[in-house]
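Position 1 is the first residue of the sequence, and the numbers go up from there.
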Amino acid sequence: QWHLFGADELARLAPPDGSERVPVCVRGEIVDCPQAIPAMVGVRGVARTGAERTRFHLRATHVRAKTGWRKASGLAAVTVEGPLRAARLGDIVQVWALLGRVREPANPGQRDWRWYFRSQRQLCSLRSGFPQCIRLQQRAGGHPRYWLRRLRLHCDRVLAVHLDPAQHGLASAILLGTRGHVSREQQEAFFRTGTVHLLAISGLHVGILAGA
């Protein structure tokens, strides 16, 4: 199905080369747990990518046109500038955002992410400037993955309270699988030393957590 997409595919509304983004209003279902992306901390604790963001995937069902709503399909990655505390897996939401296709590499030798995302049936992404751009239409039921996500967030807050800030990020990655608090410098150090597997959840980490 590499070339098989519906005529109402959401990505068809965006320029095919990913050169620019167009404003859209989309309705759809959140198909994974919204993930908070903290501001990455750079040298001497200076934030390099701005404020906290929220990321999730949306399966589109409708898009607003001049004559009203019409059906749409397709999977899109949604990035919201700011925290999105109330959204959960399975919610039906309405999103105001800028729609664009996955861009080709800007420099020779860079990885072409278009092929990876296409293999995941994702051709486009949505960017919203404010949490208010995401409006709840219908609340989902109690999905098990949602409650697991809540438990993980609670455990992460406990680690933040009882550990030094320099240790919180690594502890959260090793015990909970959350790498958002690990700085780019720390991740690069693990890659260079060949020990990045320590940041991945494995039987060793589960044993440490169970023993504690």
Side-chain angles (χ1 to χ4, degrees), residues 1-40 42 47-138 140 145 179-180 184 187-188:
Q1 297 184 359
W2 188 260
H3 299 286
L4 185 60
F5 292 89
D8 57 357
E9 164 67 42
L10 184 63
R12 297 184 187 273
L13 301 177
D17 58 355
S19 58
E20 59 180 316
R21 291 181 173 269
V22 295
V24 294
C25 182
V26 184
R27 285 179 182 170
E29 179 185 359
I30 299 177
V31 296
D32 58 2
C33 293
Q35 181 181 5
I37 309 297
M40 294 299 298
R48 297 190 301 181
T49 60
E52 176 183 335
R53 294 174 293 167
T54 304
R55 187 175 299 160
F56 62 89
H57 286 84
L58 182 80
R59 191 173 304 282
T61 57
H62 295 83
V63 62
R64 195 164 66 185
K66 294 181 180 180
T67 57
W69 292 94
R70 62 182 178 87
K71 289 187 177 181
S73 63
L75 183 68
V78 183
T79 302
V80 184
E81 298 294 333
L84 200 63
R85 308 300 186 194
R88 64 173 66 172
L89 172 68
D91 284 352
I92 305 298
V93 294
Q94 185 168 306
V95 179
W96 285 267
L98 294 176
L99 169 69
R101 291 211 178 206
V102 181
R103 292 187 177 184
E104 62 182 14
N107 299 303
Q110 285 185 329
R111 181 175 181 179
D112 194 340
W113 288 100
R114 294 177 300 172
W115 309 120
Y116 169 77
F117 288 119
R118 192 183 186 98
S119 69
Q120 305 298 312
R121 306 293 293 170
Q122 176 192 325
L123 298 180
C124 61
S125 62
L126 296 165
R127 292 183 182 177
S128 296
F130 305 94
Q132 293 81 1
C133 294
I134 314 298
R135 180 177 297 176
L136 178 65
Q137 299 292 303
Q138 180 180 339
R145 287 172 58 189
R179 294 194 190 182
R184 293 184 183 274
Q187 294 189 39
E188 184 67 21

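When all heavy atoms of Thr54 and Pro34 are compared, the closest pair comes out as CG2-CB, 4.0 Å. Considering all non-hydrogen atoms of both residues, Pro15 and Glu20 come closest at CG-CG, 3.5 Å. Across every non-hydrogen atom of Ala86 and Asp91, the tightest pair is O-OD2, 4.0 Å. The shortest heavy-atom contact between Leu13 and Val22 is O-CG2, 3.6 Å. Nearest heavy atoms, Ala65 versus Arg70: CB-NE, 4.0 Å. Residues Leu10 and Ala76 come closest through the heavy atom pair CD2-CB, 4.4 Å.
Summarising the geometry, atom CD belonging to Gln35 is positioned 10.5 Å from atom OG1 belonging to Thr79; distances are rounded to the nearest 0.5 Å. For the atom pair Cys133 SG and Glu81 CD, the distance stands at 10.5 Å (nearest 0.5 Å). Here SG of Cys25 is found 10.5 Å from CG of Leu126. Values are rounded to the nearest 0.5 Å. Atom CG of Leu98 and atom CZ of Arg127 lie 8.5 Å apart (nearest 0.5 Å).
Side-chain contact between Ser125 and Arg21 is present, with at least one heavy-atom pair separated by less than 4.5 Å. Within the 4.5 Å cutoff, no side-chain heavy atoms of Val93 are placed close to those of Gln137. For the pair Arg59/Thr61, no side-chain contact is recorded, criterion being any heavy-atom separation below 4.5 Å from C-beta on. Between Ser73 and Phe5, every side-chain heavy-atom pair lies at or beyond the 4.5 Å cut-off. The side-chain heavy atoms of Val24 and Arg64, taken from C-beta on, include no pair separated by under 4.5 Å. Contact annotation: the side chain of Phe56 never approaches that of Leu89 to less than 4.5 Å [non-hydrogen atoms, C-beta and beyond].
Other residues, nucleotides and ligands contribute more than 12 heavy atoms inside 6.0 Å of the CZ atom of Arg121.
A search for salt bridge (Lys or Arg N to Asp or Glu O under 4.0 Å) contacts involving Arg114 returns Glu104, Asp112, not counting sequence neighbours. Taking the ring-ring contact (aromatic ring centres under 6.0 Å, His included) definition, one finds that Tyr116 meets it with Trp113, sequence neighbours left out. Applying the side chain to side chain donor-acceptor pair (under 3.5 Å) test to Asp32 and every residue at least two apart in sequence or in another chain returns His57.
With Gln94 as the fixed residue, the side-chain hydrogen bond (donor to acceptor under 3.5 Å, both in side chains) test singles out one of Arg27, Arg135, His62: Arg27.
Between the side chain of Arg88 and the backbone N or O of Ile30 there is no donor-acceptor pair closer than 3.5 Å. Using a distance-only test at 3.5 Å, with no hydrogens or angles considered, a donor-acceptor pair links the side chain of Arg118 to the main chain of Trp2. In this structure a side-chain-to-backbone donor-acceptor pair under 3.5 Å is present from Ser128 to Trp96.
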